Amino acid sequence: MPLFRKLSLTAWIFIALVIGIAAGVLFPDFSKNLAPVSNIFLRLIKSIVGPLLFGTLVCGIASAGELKTMGRIALKAVTYFEIATTLALVIGLAMVNIFQPGVGLTLTGENGAAVPTLAKPVSLGGVLEHAVPSNIFESLTQNDVLQMVVFFFLFGAACSAIGAKAQPVIDFAGSVAEVMFRYTKYVMFLAPFGVGAAIAVTIGSKGPGVLFSLGKLVGTLYLAEVLFVVLVLGAALTISRVPLGPFVRAARQPFLLAFSTASSEAALPLALENMERLGIPKHIVGFVLPTGYSFNLDGSTLYLSLASVFVAQAAGVHMPLGTQITMMLTLMLTSKGVAAVPRAGLVILAGTLGTFHLPLEGIALILGVDALMDMCRTAVNLLGNCVATAVIARWEGVSFAHAAEHEVEVSIESAEPSTMTS
């Protein structure tokens with residue numbers, strides 16, 4: 001028993017993942033009934049996002065000093081986001097052209113079968129307009145991360161400009177952040193149950209074949225995502241001199257949570273907490289990490305470029321390099337509208353296929369293994385935003401000299417949170 005109590009939360013999540021897969025394969029009917037367990041856990045996670053963003057963003061930005069500091073951070077973040085997502089698109093296109101996973105497949109089924117509702121055409125103006133909330137309470141209700149970031153950023157900037165009169169509000173925001181970090185810790189003790197149930201429901205509903213069918217497509221995506229993590233994210237950490245060991249310890253729990261639930265939103269509270277414990281200031285963590293959920297979805301952008309060409313290959317449609325580059329430039333915009341929720345990438349993919357006159361039946365072909373691919377791309381989205389936060393912190397001159405002294409791993413018996421670094 002002492003051994004079980006000393007296991008880290010990461011270890012318990014991994015154990016639950018294996019048990020969930022076994023349950024889905026061996027007891028599919030029973031596993032289908034576990035959906036309420038995973039839904040309850042995800043609902044608890046969603047209840048954290050709004051209050052936590054309020055606390056971390058308002059307190060962090062109001063304490064950051066001059067507003068030009070936040071403007072500088074925003075410019076650096078946007079620059080990094082564009083470079084990272086462009087490289088993700090390039091790797092996706094390169095891998096799908098090298099391995100050609102769609103060649104030899106035949107699209108079948110009637111037009112529109114099992115295809116999600118098409119997304120409305122995405123424009124830069126539409127993205128910018130959507131980013132500004134008309135009602136912050138509506139944004140909180142819908143868990144619209146981008147709108148909350150915009151509102152809390154301006155709210156924190158206003159507190160900073162007012163000065164001493166706003167100090168009670170800033171203190172309140174700081175207290176809310178601390179309370180929500182403790183709340184997150186309590187909710188995370190339920191993570192193994194939520195994770196195990198989520199994967200069991202997926203496999204129990206779709207059958208074990210979801211792990212094997214269309215293996216070449218899944219294998220190509222996973223290989224491409226691994227290459228992106230190693231070549232791009234690894235290079236970013238190395239060039240920025242972010243200590244790899246402490247960063248991995250900080251990111252592995254949120255990464256596993258995002259992978260198993262296929263929802264970046266589920267991992268956001270823990271990622272915010274762990275990045276702050278790593279030694280990154282509140283105002284950088286509170287701005288860069290949530291903003292990346294709309295503008296730095298590396299895993300999803302890579303998937304979109306790969307999946308679009310895969311459909312063309314399966315349909316026997318030749319796409320010249322020039323057309324693929326045009327599609328990549330289009331996806332640089334449309335991928336910014338991918339919400340941090342499961343399956344949103346399919347909606348954007350449907351819109352992309354329609355734009356380039358590719359058969360929508362390709363989505364029906366992908367649907368069988370999309371759950372498995374969604375887990376991978378969502379985890380890479382989360383990891384990419386953690387890397388962006390650390391890189392921009394180093395760009396701002398933050399030192400990680402003492403990062404190795406901060407243990408961000410949580411054991412199952414731990415009840416006291418570590419001291420935050422602000």
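Heavy-atom basis, side chains included; hydrogens, waters and symmetry copies ignored. The first residue of the sequence shown is numbered 1, and numbering continues consecutively from there. A quick note: this is a predicted structure, and the numbers were derived from the prediction, not measured.
- For Glu396, the salt bridge (Lys or Arg N to Asp or Glu O under 4.0 Å) partners two or more places apart in sequence, or in a different chain, are Arg72, Lys76.
- Pairs engaging residues 194-203 under the salt bridge (charged side-chain N to carboxylate O under 4.0 Å, His left out) rule: none recorded [sequence neighbours left out].
- Remark: Thr79 pairs with no residue by the side-chain hydrogen bond (donor to acceptor under 3.5 Å, both in side chains) rule, at least two apart or across chains.
- Contacts of Asn385 classified as side-chain hydrogen bond (donor to acceptor under 3.5 Å, both in side chains), with partners at least two apart in sequence or in another chain: Asn296.
- Ala16 and Pro192 get closest at one heavy-atom pair: CB-O, 3.0 Å.
- When the ring pair (Phe, Tyr, Trp, His ring centres under 6.0 Å) test is applied to Phe152, the partners found at least two apart in sequence or on another chain are Phe54.
- For Phe287, the ring pair (Phe, Tyr, Trp, His ring centres under 6.0 Å) partners at least two apart in sequence or on another chain are Phe153.
- Not counting sequence neighbours, the partners of Tyr183 by the side-chain hydrogen bond (donor to acceptor under 3.5 Å, both in side chains) test are Ser47.
- For the side-chain hydrogen bond (donor to acceptor under 3.5 Å, both in side chains) test, no residue two or more places apart in sequence or in another chain qualifies with Asn33.
- Between Glu276 and Lys282, at least one side-chain N (NZ, or NE/NH1/NH2) sits under 4.0 Å from a carboxylate O, which counts as a salt bridge.
- When all heavy atoms are compared, the tightest approach of Phe151 to Pro133 is CB-CG, 3.9 Å.
- In terms of the side-chain contact (heavy atoms from CB on, under 4.5 Å) criterion, residue partners of Ala23 (sequence neighbours excluded) are, by chain and number, Ser31, Ala200.
- Partners of Ala197 by side-chain contact (heavy atoms from CB on, under 4.5 Å), not counting sequence neighbours, listed by chain and number: Leu34, Val37, Ser38.
- Evaluation of the side-chain contact (heavy atoms from CB on, under 4.5 Å) rule for Phe255 yields Ala379, Leu383 as partners, not counting sequence neighbours.
- Legend: residues meeting side-chain contact (heavy atoms from CB on, under 4.5 Å) with Ile162, ordered by chain and number and at least two apart, are Lys165, Ala166.
- Taking each heavy atom of Val309 and Gln324 in turn, the nearest pair found is CG2-OE1, 4.1 Å.
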